Enquirer: 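Got a structure for you, questions after.
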Number of protein chains: 2
Amino acid sequence: MARTALALVDSGGLESLTMRRLATALGVQLPALYRLFGSKQELLDEMAETILAGVSARKRPTDGAGWTERLAAIAHAIRACLLTQRDGARIVGGSFAAKRHAHTLTLADTLVETMLEAGFSAERALWPCTTVFSFILGESLEQQGSAHAGDESDIAARTVDHPHLSAAHFLDFDARFDFGLRVLLAGLRAELTEEP
Amino acid sequence: MARTALALVDSGGLESLTMRRLATALGVQLPALYRLFGSKQELLDEMAETILAGVSARKRPTDGAGWTERLAAIAHAIRACLLTQRDGARIVGGSFAAKRHAHTLTLADTLVETMLEAGFSAERALWPCTTVFSFILGESLEQQGSAHAGDESDIAARTVDHPHLSAAHFLDFDARFDFGLRVLLAGLRAELTEEP
DNA sequence: ACCTGAACACCGTTCAAGT
DNA sequence: ACCTGAACACCGTTCAAGT
């Protein structure tokens with residue numbers, strides 16, 4: 001099952017996830033897994049689905065607030081789900097969104113609905129969602145990648161010839177996320193007032 | 001060499017890249033590769049570096065224009081480099097940016113310089129860059145992932161229960177990118193006027 | 001110093017054979 | 001129908017031995 005596989009990734013990283021190890025963790029023989037999933041990629045797709053299933057559970061009850069607050073709440077919830085699971089961004093990023101199942105589509109539907117209420121036309125309401133999602137996924141990929149990339153002094157050493165770069169700013173992932181989300185929300189507001 | 005490895009990925013996809021196949025493509029025995037790269041991950045890092053090295057070459061000569069035009073030109077160049085190489089987004093996304101070498105850091109330096117000229121303080125000039133880069137990486141990941149995910153009718157079938165979702169909009173990756181980049185630029189402009 | 005042959009310790013996937 | 005033993009065709013990585 002996908003939850004057992006995610007637990008294996010949590011304890012050993014994505015490269016430690018093996019069909020053989022998953023089989024023993026489930027107390028079953030290796031070929032029996034191929035009755036549950038057609039391939040390892042199908043397993044990974046279902047793991048991505050499981051990770052994103054946590055978004056609606058984690059989302060705060062901000063249904064009374066405006067669309068910016070609701071979108072920000074969903075964005076924070078998506079980020080939290082990706083970051084809570086070890087290698088979560090890599091798992092979700094490696095599984096094409098439109099191939100996934102009910103939970104992901106429900107999340108997308110909720111996002112689009114929020115943008116429709118914000119005032120975007122049906123023709124364009126999907127795009128704010130993919131923009132925000134791509135931003136979150138990219139930032140989370142970088143953040144989880146940095147965990148396996150040596151410490152801050154390594155990075156500082158590499159940036160020594162580049163006067164405009166600062167390792168401290170680079171590694172302040174919370175600030176990066178807050179900045180980017182604020183910019184995206186401001187940009188979406190501008191987009192709405194320009195073409196009402 | 002990384003360019004040979006990228007050519008292998010171009011013709012067979014990332015999963016077809018094997019140390020053994022790379023060795024024969026280079027006309028060398030398998031263990032000799034480990035004198036050039038310490039591991040396959042180091043090879044992948046250098047491949048990511050090589051992909052991003054194309055950005056400055058591809059960038060149009062817009063140095064006379066304003067910062068929005070320059071940032072947009074670099075964003076388009078990054079996207080083109082990721083999309084031109086098969087599985088380019090997965091390769092770049094799998095290699096932590098701060099671990100990479102001269103080319104990537106030069107690109108980052110150019111981006112930060114552009115944002116400094118736009119008016120961002122040295123404290124914050126890095127964050128617009130990471131925001132834009134994360135957006136481009138996430139969108140490119142989805143776009144290249146969609147190539148291996150069945151055709152449009154498959155996706156349409158899955159979205160049938162979700163009235164707000166449209167496969168046509170989902171798969172219009174150029175429109176998604178243009179929308180997101182425009183929103184980001186508008187948001188950055190707003191950020192500058194709010195805190196001068 | 002640099003390269004090779006050969007092996008080690010694994011992989012994902014399949015399938016005839018069992019129950 | 002469902003599961004297993006055993007194998008197939010590979011992997012990345014290492015290392016003593018060659019030149």
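So you know, we letter chains A, B, ... as the sequences are listed, proteins then strands, and number each from 1. What you are looking at is a predicted structure, and each value in this text was computed from that prediction instead of being measured.
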Enquirer: Rounded to whole Å, please give me the gap between CD in E42(A) and P in dG12(C).
Expert: 15 Å
Enquirer: Go through residues 2-13 of chain A and report each residue with a non-hydrogen atom lying under 4.0 Å from DNA chain D, sorted by number.
Expert: none
Enquirer: Holding to side chain to side chain contact (heavy atoms under 4.5 Å, CB included), I want the full list of residues that pass it with A25(B), two or more places apart in sequence or in another chain.
Expert: T4(B), L8(B)
Enquirer: Mind calculating the distance between NZ (K40(B)) and C1' (dG12(D)) to the nearest angstrom?
Expert: 8 Å
Enquirer: With H164(A), which residues qualify under ring-ring contact (aromatic ring centres under 6.0 Å, His included), at least two apart?
Expert: none
Enquirer: Quickly work out the E15(A) CD to dT13(D) C1' distance and round it to whole Å.
Expert: 15 Å
Enquirer: For Watson-Crick and G-U wobble pairs within 3.5 Å on both distances, what is DNA chain D written in dot-bracket notation, | included for inter-strand pairing?
Expert: ||.|||||...|||||.||
Enquirer: Drop me the distance from D45(B)'s CG to I91(B)'s CD1, to the nearest 0.5 angstrom.
Expert: 11.0 Å
Enquirer: Under 4.0 Å, heavy atom to any atom of DNA chain D: which of residues 21-35 of chain A qualify?
Expert: V28(A), Q29(A), P31(A), A32(A), R35(A)
Enquirer: Roughly, in whole Å, what's the span from CG in L36(B) to P in dT4(C)?
Expert: 11 Å
Enquirer: Hey, is the main chain of A89(B) close enough, under 3.5 Å, to the side chain of Q144(B) for a donor-acceptor pair?
Expert: yes
Enquirer: One thing to verify: whether R70(A) and E113(A) come together as a salt bridge, which I'm taking to mean a side-chain N less than 4.0 angstrom from a carboxylate O.
Expert: no
Enquirer: Quick one: L44(B) CG to dC11(D) P, roughly how many Å, whole number?
Expert: 15 Å
Enquirer: Between D174(A) and R79(A), does any side-chain N to carboxylate O distance fall below 4.0 Å?
Expert: yes
Enquirer: Quick check against the 3.5 Å criterion: does Q143(B) have a side-chain atom that pairs as donor or acceptor with the backbone of L83(B)?
Expert: no
Enquirer: Roughly, in whole Å, what's the span from CZ in R20(B) to P in dG5(C)?
Expert: 13 Å
Enquirer: Using modelled atom types and a 3.5 Å cut-off, is there a donor and acceptor pairing between side-chain atoms of E42(A) and backbone atoms of Y34(A)?
Expert: no
Enquirer: Using side chain to side chain contact (heavy atoms under 4.5 Å, CB included) as the criterion, list what pairs up with T68(A), not counting sequence neighbours.
Expert: L185(A), R189(A)
Enquirer: Please determine if R124(A) forms a cation-pi arrangement with F179(B), meaning its NZ or CZ atom is less than 6.0 Å from the six-membered ring centre and no more than 45° off the ring axis.
Expert: no
Enquirer: For the pair F173(A) and F96(B), name the ring-plane relationship: parallel under 30°, tilted 30 to 60°, perpendicular over 60°.
Expert: tilted
